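To keep things clear, I will list the structure first and then write my remarks on it.
The structure displayed is predicted, hence computed values, not measured ones.
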Amino acid sequence: MAAFSRVRWLTRALVAAPNPGAWRSLCTSTVAQASSRTQGEDVRVEGAFPVTMLPGDGVGPELMHAVKEVFKAASVPVEFQEHHLSEVQNMASEEKLEQVLSSMKENKVAIIGKIHTPMEYKGELASYDMRLRRKLDLFANVVHVKSLPGYKTRHNNLDLVIIREQTEGEYSSLEHESARGVIECLKIVTRTKSQRIAKFAFDYATKKGRGKVTAVHKANIMKLGDGLFLQCCEEVAELYPKIKFEKMIIDNCCMQLVQNPYQFDVLVMPNLYGNIIDNLAAGLVGGAGVVPGESYSAEYAVFETGARHPFAQAVGRNIANPTAMLLSASNMLRHLNLEHHSNMIAEAVKKVIKVGKVRTRDMGGYSTTTDFIKSVIGHLHPYGG
């Protein structure tokens, strides 16, 4: 049981606990070019455990290539089962969605790129990305925003965590035209899910030794919807007397993050606010290319970038920053207690950034994605790679 995930216990009290036998240790594949295989050709590697890989759109495939190259060099024992789901590349269908879901349900762990959602309405309001998260009940999105030593930004030495409920709220996909020229877009807030995400946030703070949780809301305007969310956070806070609890209106929170982000520790919030704050906070420490993220249900864990951007304009130009995806992949290994491999990769990435000789364009340098990958691999060896 020691190999259970680092966060699974957080969700055990929130929803029905899964069968422990269903959890698998995470290991990594020695198959470097899994993308060249079709979905039906996944071959089990002896001694390796399967992880679902969903490259997504934009630079996602390039970032996944970076993960596979680094994992291969570090001899991490994982077998990636690669699937493709894209609404912009005509690779989205009910059949493909079910294939992805089946793989993720079997493997319990996945690493994914951004699945881009087109703005055009084509008869279905819920995107494939949203449907995937709902079907797996990935209710908690966690983004750890932390400054990278050696890379200076406006605010340095930042260390805060954003926890976002991502299965309801403004992303409920309930819209209709009630009268000509009048659109109603419903925001759904439930007591059950509000209590669940609040409990997750306080459990996370307790587990990680953090001292404060801030609930972000707009209850002064949305008195019933956000009012219920805030009420649930207040009720849960009473169960954790050792954790300081604060509440802050979303617009003030945005200003405070820019002016004095050091006041924050763990922030918990509904869906849309979390999406906005994730991106704002990522910008404080270097942007979308450097912040990892992860999403949890009671049974599944999905690792991704913290700020979800396809970065389509960079496709094929070899300029994407793989830092966020590599750090997320490192977190994925730690999730199942592959501490040695996790630390090896994370330390190598951080060493490359701290040395400062190899930096991609978004960090003010001129290095390519390939340059960065090679440099990370070069820094693996001192850690036992």
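- Between Leu148 and Thr323 there is a side-chain heavy-atom pair separated by less than 4.5 Å.
- Under the 3.5 Å distance criterion, the side-chain polar atoms of Asn260 are left unmatched by any main-chain donor or acceptor of Leu257.
- Here the shortest heavy-atom pairing between Ala198 and Cys232 reads CB-O, 4.4 Å.
- Looking at Ser147, its side chain does come within 3.5 Å of a backbone N or O of Leu158 through a donor-acceptor pair.
- Remark: side-chain polar atoms of Asn107 are paired, donor with acceptor, to backbone N or O of Ser103 under 3.5 angstrom.
- A distance-only check finds no donor-acceptor pair linking the side chain of Arg210 to the backbone of Thr206 [under 3.5 Å].
- Contact detail for Ala288 and Ala324: the closest heavy-atom pair is O-CB, 3.7 Å.
- Atoms CG and NZ, from Asp129 and Lys114 in turn, are 5.0 Å apart once rounded to the nearest 0.5 Å.
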Run Lys68 and Glu82 through salt bridge (Lys or Arg N to Asp or Glu O under 4.0 Å) and show every step you take.
CA-CA 11 Å; Lys68 289 185 285 188; Glu82 190 166 333; 3.1 Å; yes

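- Side-chain contact between Asp159 and His144: present, with at least one pair of heavy atoms (C-beta onward) separated by less than 4.5 Å.
- Between the NZ atom in Lys223 and the CG atom in Leu228 there is a gap of 15.0 Å [rounded to 0.5 Å].
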Test side chain to side chain donor-acceptor pair (under 3.5 Å) on Glu168 and Thr190 and set out the steps.
CA-CA 8 Å; Glu168 59 175 15; Thr190 63; 3.0 Å; yes

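- Around atom CD of Glu177, more than 12 heavy atoms belonging to other residues, nucleotides or ligands sit under 6.0 Å away.
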If you apply the rule salt bridge (Lys or Arg N to Asp or Glu O under 4.0 Å), what do you find for Glu62 with Arg317, and how did you get there?
CA-CA 10 Å; Glu62 296 172 53; Arg317 297 172 60 192; over 6 Å; no

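- Contact check on Arg334 versus Glu294 returns no salt bridge, with no Lys/Arg side-chain nitrogen under 4.0 Å from an Asp/Glu carboxylate oxygen.
- Under 4.0 Å is where a charged nitrogen must lie from a carboxylate oxygen, and between Asp137 and Arg196 at least one such pair does.
- Within a 6.0 Å sphere centred on NZ of Lys247, heavy atoms belonging to other residues, nucleotides or ligands number 12 at most.
- Shown here is Lys187, whose NZ atom has more than 12 heavy atoms of other residues, nucleotides or ligands within 6.0 Å.
- The minimum heavy-atom distance between Ala73 and Leu380, with the atom names listed, is CB-CD1, 3.8 Å.
- Smallest separation of non-hydrogen atoms from Ser297 and Leu138: N-CD2, 3.8 Å.
- Within the 3.5 Å criterion, the main-chain N or O of Ala320 finds a donor-acceptor partner in the side chain of Thr369.
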Evaluate side-chain contact (heavy atoms from CB on, under 4.5 Å) for Cys185 paired with Leu174, printing each intermediate quantity in order.
CA-CA 6 Å; Cys185 180; Leu174 296 173; over 6 Å; no

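- Environment of CG in Leu224: sparse, with no more than 12 heavy atoms of neighbouring residues, nucleotides or ligands closer than 6.0 Å.
- With Val145 as the partner, the side chain to side chain contact (heavy atoms under 4.5 Å, CB included) test is satisfied by one option alone out of Val290, Leu267, Leu160: Leu160.
- The aromatic rings of His155 and Tyr262 sit perpendicular to each other, their planes meeting at more than 60°, with 30° as the lower class boundary.
- Between Lys244 and Asp265 there is no salt bridge, since no side-chain N of the basic residue sits under 4.0 Å from a carboxylate O of the acidic one.
- Lys208 forms a cation-pi arrangement with Tyr204, by the criterion of a distance under 6.0 Å to the ring centre and an angle within 45° of the ring axis.
- With salt bridges taken as basic N to acidic carboxylate O contacts below 4.0 Å, none links Glu165 and Lys193.
- In this structure, the side chains of Arg133 and Gln166 come closer than 4.5 Å at one or more pairs of heavy atoms.
- With respect to the salt-bridge test (charged N to carboxylate O, under 4.0 angstrom), the residues Lys199 and Glu235 do not qualify.
- Panel note: side chain His217, backbone Ala219; a donor-acceptor pair is recorded below 3.5 Å.
- Residues His83 and Gln99 bring no donor and acceptor atom of their side chains to less than 3.5 Å of each other.
- Between atom SG of residue Cys254 and atom CD1 of residue Ile249 there is a gap of 12.0 Å, rounded to the nearest 0.5 Å.
- Ring geometry, Tyr296 versus Phe303: the interplanar angle exceeds 60°, so the pair is classed perpendicular (tilted spans 30 to 60°).
- For the residue pair Asp362 and Thr360, a side-chain donor N or O sits within less than 3.5 Å of a side-chain acceptor on the partner.
- With respect to Lys108 and Glu106, no salt bridge is recorded, no charged nitrogen being found less than 4.0 Å from a carboxylate O.
- One N or O on the side chain of Lys212 and one on the backbone of Gln263 form a donor-acceptor pair closer than 3.5 Å.
- With respect to Asn141, the side chain to side chain contact (heavy atoms under 4.5 Å, CB included) criterion is satisfied by exactly one of Ile162, Ile163, Asp278: Asp278.
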